[in-house]
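For reference, the structure is listed below as structure tokens.
Sequential numbering from 1 along the given sequence is applied to the chain's residues. Everything quoted here is computed from the prediction, not taken from an experiment. Atoms within each ligand, like the ligands themselves, are counted from 1 in listed order.
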Amino acid sequence: MITVIAIVVVAEISIMIFFLYLPLPELSELSYAILDGLLLGMLVAPAFYFSVILPVRKQTIDEQENLLLLHDSLTGLPHAPLFQEMLEHELHEAARDLSCVSLILIDPGGIGDIHHEMGYKTGDSVVLHVAESIQKVCRDSDIFAHLNESIVGRLKGDIFAVLAPHADLACSSIISEKIRKAVDRPFDVNGVVINIICTTGVAIYPDHALNAESLIKNANSALGMAKQGGLASIAFNGVESSLSSRRIEIVSRLRHAIACKQLELFYQPKIDLNTNQVSGAEALIRWLGKEGLSPAEFIPIAEQTGLISEITVWVVNEAVRQCKAWERSGIRINIAVNVSARSLYDAEFIEMFTGACRVQQLEPSRITVEVTEGSAMSYPELAIERLAALRSKGFRISLDDFGTGYSSLSYLKYIPADELKLDQSFVANITSDCRDERLVRGVIGLAHDMRLSTVAEGVETEDVALMLKALGCEKVQGYLYSRPLDAVSFEQWYRERQGVQGNA
Ligand code: C2E
Ligand code: MG
Ligand code: MG
């Protein structure tokens, strides 16, 4: 650089001397002015070049180099240092707004092998496919408007990362599932069909860590756990790893149970208090065999690990099939199925129900969909849209465990429901605790004002049933009438009670 400056300076001085000592002919005033201008320009132009243009060019080149350094040259996604910086910024914002941030790490297993066995060109195409699929989920997602604000990064060792502001655990597991579905789709690279099976690990701010570095570390350890246990996804569980190992063990047993058809639906009757007739039954899942657990134990784990989608599809098909089979044998009742939040927000939610009814040629009005108030309240707008769509097709909607979840009474008026189920925790003591009685009376009144019918759960004594009837509750369900029974026992119980003569 100094040499260039020296050459330019020497050249300029030589030109000036040349012009000073050159025996010039008589020139006009204008010609002198032009000559002066030229001389001045020769002096100013290099000075301008070195003082303004060169530094700006250098800055642009530095920025481009920096950009290349901070972004992945293949996918254009931020590398680890920039991603961490962006994460730090989001955590800062979340701390200010008292909101949460989800970090999802995605490991598209086997990319190293593809690079090794099929060459770097194919490997790079796979990496690009993964990057584009993840970005597409985040960009096009109809589920969460705020997903548009998410940031995708490519960290070391072919691990991708998604930073989703405002996404809690339920939301992040839905995003993870969508990403897995998008990435795991078989795709063609130069005539070769590639199948990627990716694993995701999740950590949430502020539940699992308070700074970017720890959040990445914890999401990474969740990812490691998921891979180790052969699971699709795991959310970080900071309590103790033995708990996670237990979860992993339960999931693999549950998988085995699904494959070996060890899951069964039991049915608990719903009694109409006005007619004393069986108006319907709630389908409750049971895990049979020595290893079986109660739904309260395994449903949350299935929800966290994505297995619930598979379970819900099975439950819906089985309940619809059983409802039709009973209809054919003269038992015309409504069957209620329980749906987890994750399934409610699943893109195939509506088709799952309409498809099952189409196949069995069952009237949708014979199926009630029980959603918990909490799950409907996680993303109210979407829940309302999904439930309204289902209801418009003729399905009945019931708000389960009412009063135990969120107290979002303001949303109650927008939820398109037909029925409200009073949680058993209020019902059990209405005859002995006057506060429970007032609460139940109030909720029944509220439900009726909203044109919803009421079902009380956990009715175990005649006194409770009588009081509920006096309070205007339409239906009851509980051990007083029957515990949940397998399909054959339920049919027997039903026929004995109703005196229905079956065809068989
Ligand atoms: P839930 O939907 O509120 O179901 C009512 C629970 O209360 C059932 O427990 C039932 O057996 C129990 N119950 C019924 N009557 C009485 C009674 O008189 N006294 C007492 N103490 N309990 C009574 P279960 O079958 O263990 O199910 C627990 C929860 O697991 C269900 O609560 C539901 O949230 C979930 N669940 C069950 N089956 C499914 C399913 O197929 N899919 C999904 N997503 N969740 C399910
Ligand atoms: Mg229920
Ligand atoms: Mg309930």
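For His208 against Asn218, the heavy-atom pair with the smallest separation is O-ND2, 2.7 Å.
The residue from Glu282, Arg286, Gln424 that puts a heavy atom closest to atom 7 (O) of ligand 1 is Gln424. By heavy-atom distance, the residue among Leu284, Ile308, Val371 lying nearest atom 37 (C) of ligand 1 is Leu284.
The shortest N/O to N/O separation between Gln268 and ligand 1 falls below 3.5 Å. The distance criterion of under 3.5 Å between nitrogen or oxygen atoms is met by Ile285 with respect to ligand 1.
Looking only at distances, no side-chain donor or acceptor of His256 sits under 3.5 Å from a matching main-chain atom of Ser252. In terms of modelled atom types and a separation under 3.5 Å, the side chain of Thr312 and the main chain of Ile308 share a donor-acceptor contact.
Leu485 is not listed as a side-chain neighbour of Tyr267, based on a closest heavy-atom distance of 4.5 Å or more. For the pair Ile384/Pro416, a side-chain contact is recorded, criterion being any heavy-atom separation below 4.5 Å from C-beta on. Contact annotation: the side chain of Met225 never approaches that of Phe236 to less than 4.5 Å [non-hydrogen atoms, C-beta and beyond]. Taking 4.5 Å as the limit, some side-chain heavy atom of Arg253 sits within range of a side-chain heavy atom of Trp287.
Under 4.0 angstrom from ligand 1, the non-hydrogen atoms of Ser340 come from both its backbone and its side chain. By the criterion of a heavy-atom distance under 4.0 Å, the side chain of Asp401, and not its backbone, is placed next to ligand 1. Counting heavy atoms closer than 4.0 Å to ligand 1, residue Asn338 contributes atoms from both its backbone and its side chain. Heavy atoms of Asp400 found under 4.0 angstrom from ligand 1 belong exclusively to the side chain.
The nearest protein heavy atom to atom 30 (O) of ligand 1 is closer than 4.0 Å. Under the 4.0 angstrom criterion, atom 23 (C) of ligand 1 counts as having a protein heavy-atom contact. For atom 2 (O) of ligand 1, a protein heavy-atom neighbour is found at a distance under 4.0 Å.
When OE1 of Glu457 and OD1 of Asp400 are joined through the Mg ion (ligand 3), the resulting angle is 110° to the nearest 10°.
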Open item on the list: For a ring-ring contact (aromatic ring centres under 6.0 Å, His included) check, start with the C-alpha distance between Trp326 and Tyr494, then their side-chain angles and the critical distance, and finish with the verdict.
Closed with: CA-CA 11 Å; Trp326 276 334; Tyr494 180 90; 7.9 Å; no
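Each of Asn338, Leu422, Thr372 was compared with Asp401 under the side chain to side chain contact (heavy atoms under 4.5 Å, CB included) criterion, and only Thr372 meets it.
Ion pairing between a basic and an acidic side chain is recognised when a charged N comes within 4.0 Å of a carboxylate O; Glu419 and Lys270 show such pairing. Ion pairing between Glu213 and Lys217 fails under the 4.0 Å rule for side-chain N and carboxylate O. Salt bridge Glu264/Arg286: absent, no basic N to carboxylate O contact under 4.0 Å.
Distance from atom 11 (O) of ligand 1 to its nearest protein heavy atom, with residue and atom name: Pro484 CG, 3.5 Å. With respect to atom 27 (O) of ligand 1, the closest heavy atom belonging to the protein is Pro295 CG, 3.7 Å. Counting protein heavy atoms only, atom 16 (C) of ligand 1 is closest to Tyr479 CE2, 3.2 Å.
Close approach to Val315 involves these atoms of ligand 1, each under 4.0 Å from a residue heavy atom: 41 (O). Those atoms of ligand 1 that come under 4.0 Å of a heavy atom in Gly478, given as number and element, are 15 (N), 18 (O). Listed by atom number, the atoms of ligand 1 under 4.0 Å from Glu460 heavy atoms are 17 (C), 18 (O), 19 (N), 20 (C), 21 (N).
Between Phe187 and His129, the ring planes are parallel. Angles under 30° get that label, and only those over 60° would be called perpendicular.
Of all N, O or S atoms in Glu282, the one lying closest to the Mg ion (ligand 2) is OE2. Closest approach between the Mg ion (ligand 3) and any N/O/S atom of Asp401 involves OD1.
The number of heavy atoms from other shown groups lying within 6.0 Å of CG (Leu466) is above 12.
The closest approach between a heavy atom of Gly458 and any atom of ligand 1 is below 4.0 Å.
For the Mg ion (ligand 3), the set of nearby N, O or S atoms under 2.8 Å includes none belonging to Glu370. For Ser398, every N, O or S atom stays at 2.8 Å or more from the Mg ion (ligand 2).
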